[in-house]
Amino acid sequence: MSGPAGSSSKKRLAPIAPPEEQRPTLEAVPPVAEKPAVAKPPVEKGKDLKEGLEKTRGGFVARIGALIGKKQIDAALVGELEEILFTADIGAKTAHKLFESVKGSLSRNELKDADAVWSVIRKESEAILERAQEKAGPLDIGRARPFVVLTIGVNGVGKTTTIGKLAAKFSAEGKKVILAAGDTFRAAATEQLEIWGQRTGTPVVRGKENSDPSAVIFDAVKRAQAESYDVVICDTAGRLHTKDNLMAELEKIRRVMKKALPEAPHETFLVLDSTNGQNAIAQAATFKQAMDITGIVLTKLDGTAKGGVILGISDELQVPVRFIGIGEKVADLRPFDAHEFVSALYEAG
């Protein structure tokens, strides 16, 4: 009796095999390589920074080079150098700093050649840019989730394109990104943002034309929280001809945004068009009066001789430049590095 009982016990412990037709086979399970993948745009190489700053080097930088490259370096050049700096698009305050740094060295008879003059100009330029960068610290989009970026700026500076390129960059880094079409007054802005959304696989939260921008951005932040997005990038209107209304609207957006997420926005980027020269400095000052700007994005540097405006913006606003645009490709929106920028700006050739 023990034999049959033992045999029965083993049968109860044995697993029950599924019918033949239910058993998985290697053929029934497609290999990982055959699973459909989300198509990603090819990685394009951007412009070399030196190439992107070619027109600016052909402006005030070339004029300084022509001045100090053909004459004896002495105090007689001070007046001509002063004129070049003060007519460049770097702002009077910044021009004065560069001028005084060179003048002070000349008065001590420390400069004997063109290389020495360039050394002083490079050193002071980099110091101006570094002060703003060091005060703010590095950009860290991983310090909050969702990380909310509010982008502001007047119409035509490349704000919506910048948002699309940022979405592409952050997505390529593995971040889950969502966009908020907060410029509800221009249908073209929303359409452009949706095109970027399609290109980058990024959803766009939009409202009806002329609807409340604050409501659109509120909904985007709430959706980001509910669906575990890493980054929210918010577009806004930029009608500077109605300056008071625009600033009031931006302040309202911030208030409503904080109702969705009290610490938002984590960054407020002001997008400026470098081709505007000193007018870009004036725009920045206007926005800073109404908003807590945490970073600058300077676009279209490749298309202007006025790229020196970056010095004036950093000097007068004491706000870091986070990205610079030197071309049309996504890779041409580059994280800003003061040393790299100064080296490319004042490099000969």
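Scope of the values below: all heavy atoms of this structure, side chains included, with no hydrogens, waters or symmetry mates. Small disclaimer: the values here were computed from a predicted structure and weren't measured. Residue numbers start at 1 and run along the sequence shown.
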Using the rule given for salt bridge (charged side-chain N to carboxylate O under 4.0 Å, His left out), can you reason through Asp230 versus Arg145, listing the C-alpha separation, both sets of side-chain angles and the distance that settles it, and then say yes or no? CA-CA 5 Å; Asp230 298 300; Arg145 191 167 186 255; 2.5 Å; yes

Would you say Gln133's side chain and Val321's backbone share a donor-acceptor pair under 3.5 angstrom? yes

Tell me every residue that passes side-chain hydrogen bond (donor to acceptor under 3.5 Å, both in side chains) with Asp315, counting only those two or more places apart in sequence or in another chain. Thr94, Lys97

Using the test side-chain hydrogen bond (donor to acceptor under 3.5 Å, both in side chains), find all partners of Glu126 that sit at least two apart in sequence or belong to another chain. His339

Interatomic distance, CG@Asp183 vs OG1@Thr190, rounded to 0.5 Å, equals 6.5 Å

Partners meeting side-chain hydrogen bond (donor to acceptor under 3.5 Å, both in side chains) with His96 (sequence neighbours left out): none

Under a 3.5 Å distance rule, please check whether Lys288 uses its side chain to pair with a backbone N or O of Leu317 as donor and acceptor. yes

Of all the heavy-atom pairs spanning Cys234 and Val148, show the shortest one and how long it is. SG-CG1, 4.2 Å

Lys169 meets the salt bridge (charged side-chain N to carboxylate O under 4.0 Å, His left out) criterion, sequence neighbours left out, with none

Pairing residues for Phe336 by the ring pair (Phe, Tyr, Trp, His ring centres under 6.0 Å) criterion, not counting sequence neighbours: Phe341

Would you confirm whether Arg122, through its side chain, and Val342, through its main-chain N or O, come within 3.5 Å as a donor-acceptor pair? no

Side-chain heavy atoms of Val157 within contact of Leu272, under 4.5 Å: no

Look at the side chain of Thr56 and the backbone N and O of Thr304, then say whether any donor-acceptor pair between them is shorter than 3.5 Å. yes

Kindly give the heavy-atom pair with the smallest separation between Leu150 and Pro265, and that separation in Å. CB-CB, 3.9 Å

Gap separating the NZ atom of Lys50 from the CD atom of Glu340, nearest 0.5 angstrom: 13.5 Å

Distance from Gln283 atom CD to Asp273 atom CG, nearest 0.5 Å? 8.0 Å

Spacing of NZ belonging to Lys135 relative to CD belonging to Gln318, to within rounding of 0.5 Å: 5.5 Å

From CD1 (Ile84) to CD1 (Ile68), nearest 0.5 Å: 9.0 Å

Following the transitive rule for hydrophobic clusters with a side-chain heavy-atom cut-off under 4.5 Å over Ile, Leu, Val, Met, Phe, Trp and Tyr, establish whether Val117 and Leu67 coincide in one cluster. yes

Are Arg223 and Val232 side-chain neighbours, meaning at least one heavy-atom pair lies under 4.5 Å? no

Would you indicate whether Glu82, at its atom CD, is surrounded by more than 12 heavy atoms from other residues, nucleotides or ligands within a distance under 6.0 Å? yes

With Trp118, which residues qualify under ring pair (Phe, Tyr, Trp, His ring centres under 6.0 Å), at least two apart? Tyr346

Beyond-backbone contact of Val319 with Phe287, side-chain heavy atoms, under 4.5 angstrom: no

Asn276 (side chain) donor-acceptor with Asn279 (main chain) under 3.5 angstrom: no

Please, which pairs that meet side chain to side chain donor-acceptor pair (under 3.5 Å) have at least one residue in residues 289-298, sequence neighbours excluded? Glu267-Thr294

Okay, side chain of Ser101, backbone of Leu98: is any donor-acceptor separation there less than 3.5 Å? yes

Listing request: all ring-ring contact (aromatic ring centres under 6.0 Å, His included) pairs with a residue in residues 218-238, at least two apart in sequence or in separate chains. none

Is a side-chain donor or acceptor of Ser314 paired with a backbone partner of Ala132 at a separation under 3.5 angstrom? no

Over all atoms of both residues, closest heavy-atom pair of Ala260 and Val221: CB-CG1, 3.8 Å

Using only atom types and a distance under 3.5 Å, with no angle test, would you say the side chain of Arg334 pairs donor to acceptor with the backbone of Asp48? no

What residues, two or more places apart in sequence or in another chain, satisfy side-chain hydrogen bond (donor to acceptor under 3.5 Å, both in side chains) together with Gln192? Thr161

Within-4.5 Å side-chain heavy-atom neighbours: Leu333 and Val297: yes

In the structure I gave you, are the side-chain heavy atoms of Leu311 and Leu129 within less than 4.5 Å of one another anywhere? yes

Do the non-hydrogen side-chain atoms of Leu270 and Met291 ever get within less than 4.5 Å of each other? no

Taking 4.0 angstrom as the limit, do Glu316 and Lys93 come out as a salt bridge? no

My understanding is that only residues two or more places apart in sequence, or in another chain, count here; which of them pass ring pair (Phe, Tyr, Trp, His ring centres under 6.0 Å) with Phe323? none

In one Ile/Leu/Val/Met/Phe/Trp/Tyr side-chain cluster, 4.5 Å: Leu246, Phe185: no

Residue pairs meeting side chain to side chain donor-acceptor pair (under 3.5 Å), one or both in residues 246-263, sequence neighbours left out, come to Asp212-Lys252, Arg239-Glu249, Arg254-Thr268

Distance in Å, Thr184 OG1 paired with Lys208 NZ, rounded so as to fall on 0.5 Å steps: 12.5 Å

Could you pull out the closest heavy-atom pair between Thr202 and Ser171, with the gap in Å? OG1-OG, 3.8 Å

Report yes if the side chains of Trp196 and Ile163 come closer than 4.5 Å at any heavy-atom pair, otherwise no. no

Test ring pair (Phe, Tyr, Trp, His ring centres under 6.0 Å) applied to Phe147 - qualifying residues, sequence neighbours left out: His266

Contact summary for Asn155 and Ala237, nearest pair of heavy atoms: OD1-C, 4.4 Å

Determine, for Arg143 against Asp140, whether the closest basic-nitrogen to carboxylate-oxygen distance falls under 4.0 angstrom. no

Is a donor on one side and an acceptor on the other found under 3.5 Å between the side chain of Lys176 and the backbone of Glu227? yes

Cluster link Val256 to Ile152, ILVMFWY, side chain under 4.5 Å: no

Quick one: does Ser274's side chain have a donor or acceptor within less than 3.5 Å of a partner on Thr299's backbone? yes

4.5 Å side-chain heavy-atom contact, Ser125 and Leu345: no

